[in-house]
Each structure stands twice: as C-alpha cells, then as structure tokens.
Amino acid sequence: MSEAVAGRPGRLRAGVVGFGWAGRQHMDAYALHPDVDLVAIAGLEDGPRSELGELYGLTEAGQFRGYQEMIDAAGLDVISIATPTALHAPVALAALEAGVHVLSEKPLAESVERASAMVAAAKAHDRVLDVSFNHRRRGDVTMLKQVIDEGLLGTIYYAKAGWLRRSGIPGLGTWFTQKSLAGGGPLMDIGVHMLDMVLHLMGEPTAEAVSAATYAEFGPRGRGGSSGARVGGRADGSGAYEVEDLSTAFVRLSGGATLLLEASWASYIERDQLYVVLYGSEGGAVLGSPEVWNLPHLTVLTELKGFPAELTPALPADGHHRAVVDEFVAKVQAPSWTDQHGEHLLTRSTIVEAAYRSAEQHREVVIDPV
Ligand SMILES: NC(=O)c1ccc[n+]([C@@H]2O[C@H](COP(=O)([O-])OP(=O)(O)OC[C@H]3O[C@@H](n4cnc5c(N)ncnc54)[C@H](O)[C@@H]3O)[C@@H](O)[C@H]2O)c1
C-alpha cells in the first residue's frame, strides 16, 4: 500500500475498468496527473486492451480481463469504474472491501438499494467514493455556482433543466438500452447529469416527492440512434430496447423549491438542447441555449441600482474528466475521508428511482425523509 492511502502525500496507483469512451477519459486524466501512476486496466475486449496497454506503457502484468483479478493483483490505491451501469456497484464493493478508493462513472448505481450499499461500504471501510459528474465542471456551471454563492440570485425557488437530443440513443440495442444493464434510459444516462448540476447549484436540497412520465416512441422502432461511431467494447447491438427514450419529471425539493427535469435521447425537435434555468428571489440565470448547443453560455438576470440588468459573465475554461479526476485525487490525498463517502450522491439515485416508479404507477411518489 502506498503512503497516500494513510492520508499522506505520495504517489497513487490507479486502475481503470472499461475501455469505452468513459474509461479512456479516466485513463488520460490519471496518466496526466503528476501524483498518480496508471498501473492497470481491465476490460473484456482483447484489441482495445493491448492497444491501450501500449498507449499507457503498461506491461501484460498491468492488463486484465476481469475487474476482480485487477483488484486482487494490481495493488491499487484508486480505481475508476467505467463499465455498464449494473456493474458499478459490484466493482465498487469489491474495490472498497480491498481498501481501494472509488471513482465511479455516473450514475452511482441503477437503484437506491445498490447505491446505498456502495455508500455503506465506503463508510465501513473509510474510503473515498465519488462519481464522475463531469458536466458540473463546465465553465458556465462553475461561474453560475459562484454567482449563486455570492447571493446574486437570492433564494432559488424554481428550476428547469433538460438535455434533449434530436437523434442520440447511444448504442441502439446494446447494454445502454437493456434495462437489466443500464437501469433506465435518458433519465438515468443524461438526465442525471442535469439533476446533479441543479442539486449542486441549489446547495444540495433533498427531494420530497416526484411526479414523472416516460415514453418510448423511437427506440422500440429502431429509430433515433446516435450517428456517432462508438469506440470501446459495446455489445453487438442485438439486444432489446427496454428503456424510455424521453422522460419528464416534476420534483418537490426540501425547502419548498421545485424542479422540472426533462431528458430525451430522441425526439422531433429542431436541434439538441442542454439547459438550466433558475428562478431566484433576487435574480435569475439561464445556462445553455438552443442556439449554441452545448457551448458554455450563461446569462444572469438581475437589477443593478434599480435598473433591470442582463449580465454575461466571463467564463472559466471547462473542466471535463480531468477536473473530476483531479478533484477525486485531492480528496484521496486529504488527511481525512470522513466526509467523502458519497452520501449526498444518494439524492440523485432517490429522485431517479422515484421518477421511474411514478411513471410506472401514474401518480406522485412521496419520498420518505432519511
Ligand atoms: N460522464 C460521461 O460523460 C459519460 C459518457 C459516456 C459514458 N459514461 C458512463 O460510463 C460508463 C461506461 O460507458 P461507455 O460508453 O464507456 O461504455 P462501453 O460499452 O463503451 O464500455 C464498457 C466497458 O466495460 C467493460 N466491461 C463490461 N463488463 C466488464 C467486466 N465484467 N469486467 C471488466 N470490464 C467489463 C467492457 O469490456 C467495456 O470495455 C457507463 O456507466 C456510462 O453511463 C459517462
């Protein structure tokens, strides 16, 4: 075990599970970190394994097929999990039990039960558990958080957030569209990024109730697939389409605020949209815009000396996965991990699960206070 595991500065030994787009982001970020050695990778596909092994200078001893072999043999301090969602919990539990700090891809897990088991294991073994919410590291989100923390919006009482695609079902018929592996469709996949952004911006309120609906108008008919070529080990695409392709949810948050959240992989819209709109007692904010898809863009609406004002703050650079990994490593290097067991992440799982239940039961689902 390296010195850093005891909370002292030292080099960290990192391993990554998963050779797809997500796994590669983590590998790159570890490889670039001055205090980390990327020592092992694991994944099922032989071609990408040797290609990535060569890219990162790993001998065969650092290349694994299964995650358990890697955890048992590689002497890791930290692990990143970039597998199909249903594997996040099994990999995390195995790693935490072995005393390894965990950075999971989003979402934490496909159910509250499994997400809670991950948090409980992080607590029991006192290790860091974090999730890769890279979109919260966008420059516009970073700036908006500062604007909110400075009090420019006052009390935020209503929020709208959405990520809607014209034709963007990732891997039609692969694990992404199979319920047992993905847990859900766009709400679980991209809606959770928007949910994370809003909860982060609003100071981590909890949820009291959710009313939601889901639809599957494109996927089951083989329409709406993403045109982008997917690298990494996907299934052969022969699986069923078992998840929604559009979801809409109304969430009652603690303190009386509400959130309208929409997520879609495919729908008849002019162009893709990613947005957050916040309504506050002293000001409002619009992040994103249908005209500038996915480019950082922030407008703050307020009053200056009694005049209505529209501000477009200068934005810092986007953070991406590199910022996520840097922050995770900093948490691991900190002297205490007591507050880093991922408890606040459970709000996301709770809201997503309640939304699916609400959609299934056609009624509002009340969330029990923790
Ligand atoms: N944060 C983001 O922006 C972002 C973007 C894309 C995907 N993701 C998330 O990343 C994760 C992976 O997505 P992807 O698109 O890279 O998937 P992918 O299908 O391209 O890759 C999945 C990888 O997991 C590996 N794997 C599966 N079972 C395994 C096992 N038992 N042991 C070892 N490896 C195993 C596969 O071999 C493959 O290499 C998902 O949770 C997804 O939600 C996040």
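Atoms within a ligand are numbered from 1 in the order they appear, just like the ligands themselves.
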A student checking ligand 1 against Thr85 at a 4.0 Å heavy-atom cut-off should list atoms 41 (O)
Mind checking whether Val17 has an N or O less than 3.5 Å away from an N or O of ligand 1? no
>> Taking the cut-offs as 6.0 angstrom to the six-membered ring centre and 45 degrees off its axis, would you call Lys179 and Tyr356 a cation-pi pair?
In response: yes
Check whether the side chains of Glu110 and His88 place a donor and an acceptor atom closer than 3.5 Å, and report yes or no. no
Requested in this report: Could you tell me whether the side chain of Leu153 reaches within less than 4.5 Å of the side chain of Thr302, counting heavy atoms only?
Outcome: no
* Asked: Purely on distance, is any nitrogen or oxygen of His135 under 3.5 Å from one on ligand 1?
  -> no
For Glu45, the ligand 1 atoms with a heavy-atom partner under 4.0 Å come out as 36 (C), 37 (O), 38 (C), 39 (O)
Regarding Tyr275 and Glu262, do their side chains bring together a donor and an acceptor under 3.5 Å, going by distance alone? yes
Original post:
For ligand 1, is there an atom lying under 4.0 Å from some heavy atom of Gln25?
Top reply: no
In ligand 1, the atoms that come under 4.0 Å of a heavy atom of Phe176 are 15 (O)
Ligand 1 atoms nearer than 4.0 angstrom to some heavy atom of Ala82 are 11 (C), 12 (C), 22 (C), 23 (C), 24 (O)
Logged contact type for Leu44 with ligand 1, heavy-atom cut-off 4.0 Å, is both
Quick note on ligand 1: atoms under 4.0 Å from a heavy atom of His193 include exactly 1 (N), 2 (C), 3 (O)
>> I'd like to know whether ligand 1 has Trp175 as a neighbour, heavy-atom separation below 4.0 Å.
In response: yes
**Prompt:** With a 4.5 Å limit on heavy-atom distance, are the side chains of Ile148 and Leu278 in contact?
**Reply:** yes
* Asked: Between the side chains of Asp130 and Gln340, does any donor sit under 3.5 Å from an acceptor?
  -> no
TODO: Report yes if the side chains of Thr258 and Val251 come closer than 4.5 Å at any heavy-atom pair, otherwise no.
DONE: no
Exercise for review: Give yes or no for whether the N/O distance cutoff of 3.5 Å, strictly under, is met between Gly66 and ligand 1.
Suggested key: no
* Asked: Should Trp265 and Pro170 count as side-chain neighbours, where that means a heavy-atom distance under 4.5 Å?
  -> yes
One finds that the ligand 1 atoms under 4.0 Å from a non-hydrogen atom of Pro84 are 22 (C), 24 (O), 27 (C)
Please confirm whether Arg24 comes under 4.0 Å of ligand 1, counting heavy atoms of the residue only.
no
Under 4.0 Å from one or more heavy atoms of Trp21, ligand 1 contributes atoms 2 (C), 3 (O), 4 (C), 5 (C), 6 (C), 16 (O)
Would you kindly say whether Tyr30 and Asp37 are connected by a side-chain donor-acceptor distance under 3.5 Å? no
| query | Does any donor atom in the side chain of Asp126 or His341 lie under 3.5 Å from an acceptor atom in the other side chain? | reply | yes
Counting from 1 in the order shown, the ligand 1 atoms closer than 4.0 Å to a non-hydrogen atom of Leu87 are 27 (C), 28 (N), 29 (C), 31 (N)
